Number of protein chains: 2
Amino acid sequence: MKTVTMADVAKQANVSKSTVSQYLNKRYDYMGEKTKARIEQAIKELGYQPNIVARSLKQKSTKTIGVIVANILHNFSTEVSRAIEDVCHKADFHTIICNADDDPDKEKKYIEMLRAKQVDGLIIFPTGNNRDLYRKMLDQNYPVVFVDRSVPDIPISSIMLENEKASELAVDYFAKKGHERIAMITTPMNENVSSRVERLEGYQRALQSHGLDVREDYMRSIDPDQVEGILEEMLALDQPPQAILAGNDLILKEVLTFSKLHHFKIGEDLSVIGIDDVPYASFYSPSITTIAQPTFKMGKMAGELLLDKINKKSTADQRPDYHFEPTLMVRESVKDNKED
Amino acid sequence: MKTVTMADVAKQANVSKSTVSQYLNKRYDYMGEKTKARIEQAIKELGYQPNIVARSLKQKSTKTIGVIVANILHNFSTEVSRAIEDVCHKADFHTIICNADDDPDKEKKYIEMLRAKQVDGLIIFPTGNNRDLYRKMLDQNYPVVFVDRSVPDIPISSIMLENEKASELAVDYFAKKGHERIAMITTPMNENVSSRVERLEGYQRALQSHGLDVREDYMRSIDPDQVEGILEEMLALDQPPQAILAGNDLILKEVLTFSKLHHFKIGEDLSVIGIDDVPYASFYSPSITTIAQPTFKMGKMAGELLLDKINKKSTADQRPDYHFEPTLMVRESVKDNKED
DNA sequence: CTGAAAGCGCTTACAG
DNA sequence: CTGAAAGCGCTTACAG
């Protein structure tokens, strides 16, 4: 596999490397037609492929960005990533996606790795626990955009859902359908991660606005694998909840598994709404009412914002965060208690 | 963002660049303890991060591989990719994943892009329609491994499912449960893509071995968005099928959507098996009987094989293809016609 | 035990 | 209109 280099092309075409380089970069301004033709010919004959690594070294730009998602298992992450890829692709940027697996150490490793690879900027779904690193990048004026969560005291713009609104939409809908005992289950809280906290706050506030009790035993923040146990507990209460708000897709999955296992009929024995519009929501039986995030728009925004920072070198953020509106997708998993 | 380079570290530590480089590459053999300490100190003070791009240029290795999946929408692709990533990660290789979107032109573009980026090897779920390119890489002795499909006359090893066996398992199980009219729906055939053809062949052969008719009107290869129409046709036949084998996850999804829409009860009015163990199979109602591919093993094998080729430079393939066994995951979506 | 020098394959002023 | 030269930030024989 002897590699063909620009020097080979130059020799073959009887011009200098500079001229070949000009040609490749389409700076034809003053290039003779015959020269052009000869170079083209030589490139074809030799099967020359430019070495982007060499170019990147010289230009100090790899035309590549990195995306570090907190946890690739969330549907949200993959959907947003694909939108980011779309935007970057159109701008001739490549995208490298890494999965921090909710582990700050992995996140750190990936940030360092990607920066060593000279990516031109980073989109991070932050674990929240690498504050020093985040700050360092900020200080260095390195282009970064956050997604899904903001980090207290780190003024890097974040592309987020209106999380409180998401819970409100769900609770409002439950209430409208005559539910009074509404529980919420989310994944564990991390004080450095805004979104989960906000969803819980929205849930509480919405309950209050409907004059419903906020009960500690209806509010649980736990790992997905503990959902089954928790649901058993909840549903064995004197006053079991009539409705469950699942804080994200992983929790929803566990709720559905539980109800199948224990023969609770969703939409009859138990009403359910999930935050995140999971792919199977529409063809599940019964179909699942969800709160959808505008993942495509959010990813697009994140990509555009980062590319702006990269191009304009104005990495300072004009505004703190970008909040996107959630949408209620009404389907069949909420019983209508008002009907009878 | 003035970047700190090796030269800066060298100056600060009062040694030469060479020595710093040795240090970074852990060639301590003859290095004085105090030198080591001074370098370490300088690196910390300056916050030096090596530039991998420069290293790659010199070493002619990026320690990165590319993965080009035919269509990222298939669950199979993402699962295999993650296994590949795991293996590479352990070997200190990075992974760049691209989606050809079933489009040979995109595939071509990505192959060229990744090679221009000097990735050390490629794992491809081939569209099958870039034969010249595949052959060129083979001729150049460039490390490549195929996944999911082999390409006729291109002796590049492929990591594949025993596709015929997959269909056989499904048909055998349908037959065992007393079904006689068994249909199969797959995505469109491409003569250059082995797996879909093999699945259909396995289906036909299995029918014959059970003495069942092979009917043209029970065998359809169509785009997912046409499944609804086709199912309407099939189920309006004088002798409608009792069972449907969905050739992959996208088809399965359409079958489920159809049955929901038209109120066919899966596992009662219509039995279903899907090839690919979709994530929601176990908690769907009814849970879905599937044929699982050992995606993790397959990805691991693909990664290991590629890394072998990269390291040993023996890119010639010892054996043609690697076939992995499918597994029947018995759940509830097949009716037992023998019971009554 | 450490340093000077060449070179990886490009790009980019600058000169002519 | 085109070429010679320097340089991007590393690594690696080789010399001492």
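Bear in mind that the values here come from a model prediction, so they are computed numbers and not experimental data.
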### Comparing B:N14 and A:P50 on DNA chain C - which has the more 5′ nearest nucleotide
B:N14
### Message
Nearest to the B:K58 side chain among C:dA6, D:dA6, C:dA4, which nucleotide is it?
### Response
C:dA6
### Query
So, is A:Q59 close to the C:dT12 phosphate, meaning a side-chain N or O under 4.0 Å from OP1 or OP2?
yes
### Message
Is A:N25 close enough to C:dT11 that one of its side-chain N or O atoms is under 4.0 Å from OP1 or OP2 there?
### Response
yes
### Query
Between D:dT2 and A:T35, is there an OP1 or OP2 to side-chain N/O distance shorter than 4.0 Å?
yes
### Query
Between C:dT11 atom P and A:K63 atom NZ, what is the distance in whole Å?
13 Å
### Task
Just compare D:dC1, C:dC10, C:dG3 and give me whichever is closest to any side-chain atom of B:S18.
C:dG3
### Query
Paired stems touching DNA chain C, three or more consecutive Watson-Crick or G-U pairs with both distances under 3.5 Å?
C:1-3 with D:14-16, C:5-12 with D:5-12, C:14-16 with D:1-3
### Query
Which one, D:dG9, D:dC1, D:dC10, comes nearest to the side chain of A:L57?
D:dG9
### Query
What is the distance, rounded to the nearest whole Å, between atom NZ of A:K11 and atom C1' of C:dC10?
17 Å
### Task
Take the protein atom NZ of A:K36 and the nucleotide atom P of D:dC1, then report the distance between them rounded to whole Å.
10 Å
### Query
Is it true that a side-chain atom of A:Y134 and a backbone atom of A:I156 form a donor plus acceptor pair closer than 3.5 Å?
no
### Task
Step through the shown structure and confirm whether more than 12 heavy atoms of other residues, nucleotides or ligands are within 6.0 Å of CZ on A:R82.
no
### Task
Could you tell me whether a side-chain N or O of A:T64 sits under 3.5 Å from a main-chain N or O of A:T62, the two making a donor and an acceptor?
yes
### Message
It should be established whether A:Y23 places a side-chain nitrogen or oxygen under 4.0 Å from OP1 or OP2 of nucleotide D:dC1.
### Response
no
Identify every side-chain donor-acceptor pair in residues 45-53 of chain B under 3.5 Å, counting partners at least two apart or on other chains, and give the distances.
unit_1, atom_1, unit_2, atom_2, d
B:E45, OE1, B:Q12, NE2, 2.3
B:E45, OE2, B:Q41, NE2, 2.6
B:N51, OD1, B:V53, N, 2.8
B:N51, OD1, B:A54, N, 3.1

### Proximal nucleotide (of D:dA4, D:dT11, D:dC10) relative to the B:T5 side chain
D:dC10
### Task
Ignoring backbone atoms, establish whether A:T3 has a side-chain N or O less than 4.0 Å from OP1 or OP2 of C:dG9.
yes
### Message
Expressed as a whole number of angstroms, how long is the span from A:Q49:CD to C:dC10:P?
### Response
11 Å
### Query
Atom CZ of B:R38 to atom C1' of C:dC1: distance rounded to whole Å?
12 Å
Residues 89-102 of chain B, side-chain donor-acceptor partners within the protein, below 3.5 Å, at least two apart:
unit_1, atom_1, unit_2, atom_2, d
B:H89, NE2, A:K109, NZ, 2.5
B:N99, OD1, B:I72, N, 3.1
B:N99, OD1, B:D101, N, 2.9
B:D101, OD2, B:K106, NZ, 3.0
B:D102, OD2, B:N71, ND2, 3.1

### Task
Round to the nearest Å and state the distance from A:L24 atom CG to D:dT2 atom P.
15 Å
### Message
Check this one for me: any side-chain N or O of A:S21 less than 4.0 Å away from OP1 or OP2 of C:dT11?
### Response
yes
#### Entry: Test item: side-chain donor near acceptor, A:D120 and A:S61, under 3.5 Å
yes
### Query
What is the distance, rounded to the nearest whole Å, between atom CD of B:Q118 and atom C1' of C:dC10?
11 Å
### Query
Does a donor on one side chain and an acceptor on the other come within less than 3.5 Å for B:T19 and B:S16?
yes
### Side chain of B:Q22 (C-beta onward), nearest among D:dG9, D:dG3, C:dG3
C:dG3
### Task
Verify, without hydrogens or angle tests, whether A:S194 (side chain) and A:S150 (backbone) share a donor-acceptor contact under 3.5 angstrom.
yes
### Task
Measure from CD1 on A:I39 to C1' on D:dG3 and round the result to the nearest Å.
12 Å
### Task
With the side chain of B:K17 defined as its heavy atoms from C-beta on, choose the nearest nucleotide among C:dG9, C:dG3, D:dT11.
D:dT11
### Query
Is there a donor-acceptor contact under 3.5 Å from the side chain of B:D8 to the main chain of B:V4?
no
### Query
Quick one: which of D:dG7, D:dT11, C:dT12 gets closest to the side chain of B:M6?
D:dT11
### Query
What is the nucleic acid contact for B:S56, judged by heavy atoms within less than 4.0 Å: base, sugar-phosphate only, or nothing?
nothing
### Query
Considering heavy-atom distances to DNA chain C, does B:S16 or B:K60 have its closest nucleotide positioned more toward the 5' end?
B:S16
